Amino acid sequence: MLNTQGRPTQAGEIAAIEPATFTGNRGLDIEEALLFEIGRADATGVDIDNPTPFASRLGAHERKGPIGLPGLTEPEALRHYVRLSRKNYSIDGGIYPLGSCTMKHNPRLNEKMARLPGFADIHPLQPFSTVQGALELIETLARALIAMTGMSAIAMSPKAGAHGELCGMMAIKAAIAARGEAGTRNVVLVPDSAHGTNPATAALIGLSVRAVPAGEDGIVSAAGVKAALGPDVAAIMLTNPNTCGLFESEIVAIAEAVHAAGAYFYCDGANFNAIVGKAQPGALGVDAMHINLHKTFSTPHGGGGPGAGPVVLSERLAPFAPTPFVTRDGNSRRLQEHAQGSQSFGRLSAFHGQMGMFVRALAFIWSHGADGLKQASEDAVLSANYIRASLEDLMSSPYGDKPCMHEALFDDRWLKDSGITTLDFAKAMIDEGYHPMTVYFPLVVHGAMLIEPTESESKASLDLFIMTLRDLALRALRGERETFLSAPNLAPRRRLDETRAARQPVLKWTKPAPA
Ligand SMILES: Cc1ncc(COP(=O)(O)O)c(C=O)c1O
């Protein structure tokens with residue numbers, strides 16, 4: 001079978017639909033070959049003299065022939081990368097409703113600030129006297145995060161949410177060891193709706209996981225936690241708002257029970273964007289919580305990075321925070337490796353965090369102000385509820401019609417007997433020009449569809465999104481199965497074999513044999 005470029009289709013790839021064009025392009029959607037396919041040995045973007053012959057010292061290691069790198073002129077190379085960049089779906093291009101990921105607008109002001117040479121061009125090993133402004137920014141942001149969360153201390157170095165979990169749990173482990181209970185307290189309670197990084201973190205530091213089931217209403221009950229607590233429990237890792245988009249309403253009672261049992265309360269604060277300015281984790285009894293700066297306070301987020309996951313700590317855990325700390329001597333700031341009375345578990349990472357993320361987060365915080373941050377949380381929740389309420393007559397919600405927090409969760413009961421799955425529905429959204437929502441997560445909900453619109457979207461944007469989903473849902477309910485089963489029909493690539501792509505990725509280009 002040939003695809004529109006006249007190349008044989010890869011296994012698992014369905015040929016793009018007709019009409020095929022001579023170039024393989026679809027309007028301005030340009031087919032892009034690999035650099036190796038468009039490059040040639042005799043082309044180059046630079047004009048340099050041949051080196052004067054010299055005696056090689058490589059001996060038997062000397063290269064025997066050309067290494068086969070593709071040569072391109074500068075415009076060819078530039079166009080290749082620009083065309084590739086246009087294939088990215090981005091928040092700058094349209095609503096990005098990926099639940100649990102908080103894909104929101106990155107104000108250009110933040111980007112401008114992050115690119116200031118005094119922040120963007122510094123090196124972590126520069127003398128402190130030359131990075132005073134950067135250290136002041138880190139300290140100022142740290143103070144703002146402590147104030148917002150109502151906690152006592154903060155570790156700024158974690159480089160993502162999952163890294164923050166590692167940091168917080170290592171502080172908890174160090175605190176338990178300091179109490180002489182390292183050998184006996186080695187279980188972490190994790191609700192079954194948790195993000196996969198939670199149990200992974202516990203396992204990574206040698207603790208075992210005990211699952212706590214959420215109730216029929218999607219909420220973890222204090223009674224359920226009490227039943228799972230024991231003298232072997234080191235901590236609970238609880239996400240709030242949770243991955244079902246619900247506020248853990250029994251959180252205070254859970255914190256009290258956990259503390260009474262001698263354990264610590266780690267809160268996964270990845271969804272802090274729903275409660276900034278509304279609730280303080282410190283007042284809820286949290287001992288450690290990471291904040292995904294790259295979600296709550298903007299920052300381009302995706303592709304595995306970059307990120308920043310500072311961890312706020314309670315007074316009890318503050319002495320165990322990782323080094324280094326920003327300290328001040330008069331007006332001069334420095335990073336200190338050891339602090340008086342510290343029982344730090346040591347360094348978490350090579351340097352002190354992600355400067356670009358710190359600048360963006362502080363710019364977001366300052367430009368919004370306390371009232372603006374609170375409004376952003378309220379608007380994020382309002383947007384999600386608007387979507388939920390506008391779709392609930394067609395699509396089923398696992399926890400009934402009660403209000404959600406920042407993300408609206410649907411299951412696949414409404415598709416029962418239609419022959420259409422959550423995946424088919426998500427793929428059909430691509431034909432409509434939308435990036436699909438998060439699907440099949442959280443795992444506790446069958447055929448989950450998790451939609452997080454964030455506060456960025458206007459009512460007009462939400463309305464169009466809702467109308468599109470309603471139209472698709474009606475088509476599914478009318479039994480227009482074929483549209484869904486073959487979707488996406490209008491994308492340059494159709495459905496790929498995602499399992500094969502994940503398990504047997506082809507990462508190496510092999511030169512085709514001469515015809
Ligand atoms: C609930 C929850 N916890 C933890 C994480 C991990 O954060 P990161 O991707 O920054 O490592 C995420 C990521 O989106 C999340 O949604």
Side-chain angles (χ1 to χ4, degrees), residues 2-13 21-25 28-88 90 111-112 114-131 134 159-160 300 302-307 335 347 349-357 359 492-493 496 500-515:
L2 294 182
N3 64 16
T4 49
Q5 306 114 69
R7 285 194 272 132
T9 19
Q10 303 288 314
E13 180 190 343
T21 56
F22 176 72
T23 51
N25 302 333
L28 295 178
D29 192 357
I30 313 282
E31 270 301 333
E32 193 57 28
L34 299 177
L35 276 181
F36 286 93
E37 289 164 338
I38 57 177
R40 356 177 247 293
D42 62 347
T44 173
V46 286
D47 183 11
I48 42 175
D49 294 338
N50 283 331
T52 36
F54 58 92
S56 166
R57 288 182 288 159
L58 292 172
H61 300 294
E62 193 172 4
R63 182 157 54 78
K64 303 283 181 300
I67 56 176
L69 284 180
L72 290 100
T73 64
E74 185 172 317
E76 283 172 335
L78 186 78
R79 284 176 185 166
H80 173 74
Y81 286 109
V82 168
R83 292 202 288 240
L84 280 187
S85 74
R86 287 194 191 140
K87 293 190 185 299
N88 284 339
S90 68
E111 298 303 310
K112 195 172 172 189
R115 281 168 178 69
L116 289 173
F119 297 128
D121 296 346
I122 53 176
H123 190 280
L125 295 178
Q126 267 178 238
F128 295 132
S129 61
T130 64
V131 289
K159 302 217 173 21
L335 287 177
R347 249 180 191 266
S349 57
F351 298 118
H352 199 56
Q354 304 274 27
M355 198 63 216
M357 307 301 110
V359 180
R493 291 290 181 275
L496 304 179
R500 190 164 156 242
R503 302 230 167 112
Q504 300 165 326
V506 180
L507 303 174
K508 191 176 162 213
W509 178 74
T510 314
K511 196 172 184 170

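Note that this is a predicted model, so its numbers are computed, not measured.
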For R115, enumerate each residue passing the salt bridge (Lys or Arg N to Asp or Glu O under 4.0 Å) test, keeping only those at least two apart in sequence or located in another chain. E111
Would you name the heavy atoms of L34 and W509 that are closest together and state the gap between them? CD1-CD1, 3.4 Å
Just to verify, what does F351 make a ring-ring contact (aromatic ring centres under 6.0 Å, His included) with, not counting sequence neighbours? none
Are more than 12 heavy atoms from other residues, nucleotides or ligands located less than 6.0 Å from atom CZ of R347? yes
In short, E32 meets I38 closest at the heavy-atom pair OE2-CD1, 4.1 Å
Please list all pairs meeting side-chain hydrogen bond (donor to acceptor under 3.5 Å, both in side chains) that have one or both residues in residues 57-79, counting only residues at least two apart or in different chains. R40-E76, T73-E76
Side chains of L35 and Y81, heavy atoms from C-beta outward: is any pair under 4.5 Å? yes
My understanding is that only residues two or more places apart in sequence, or in another chain, count here; which of them pass salt bridge (Lys or Arg N to Asp or Glu O under 4.0 Å) with K112? none
For G353 and K159, which heavy atoms make the closest approach, and how far apart are they? N-NZ, 3.7 Å
Salt bridge (Lys or Arg N to Asp or Glu O under 4.0 Å) contacts in which one or both residues fall within residues 121-130, not counting sequence neighbours: none
Where do P70 and G39 come nearest, in terms of heavy atoms and distance? CB-CA, 3.7 Å
Salt-bridged, K87 to E31, with N to O below 4.0 Å? no
Sorted by first residue and then second, give each side-chain hydrogen bond (donor to acceptor under 3.5 Å, both in side chains) pair with at least one member in residues 41-55; sequence neighbours left out. none
Provide the closest heavy-atom pair for S56 versus L58 in the form atom of the first, atom of the second, distance. OG-N, 3.1 Å
What closest approach, in Å, do A120 and A114 show between heavy atoms, and which atom pair accounts for it? CB-O, 3.5 Å
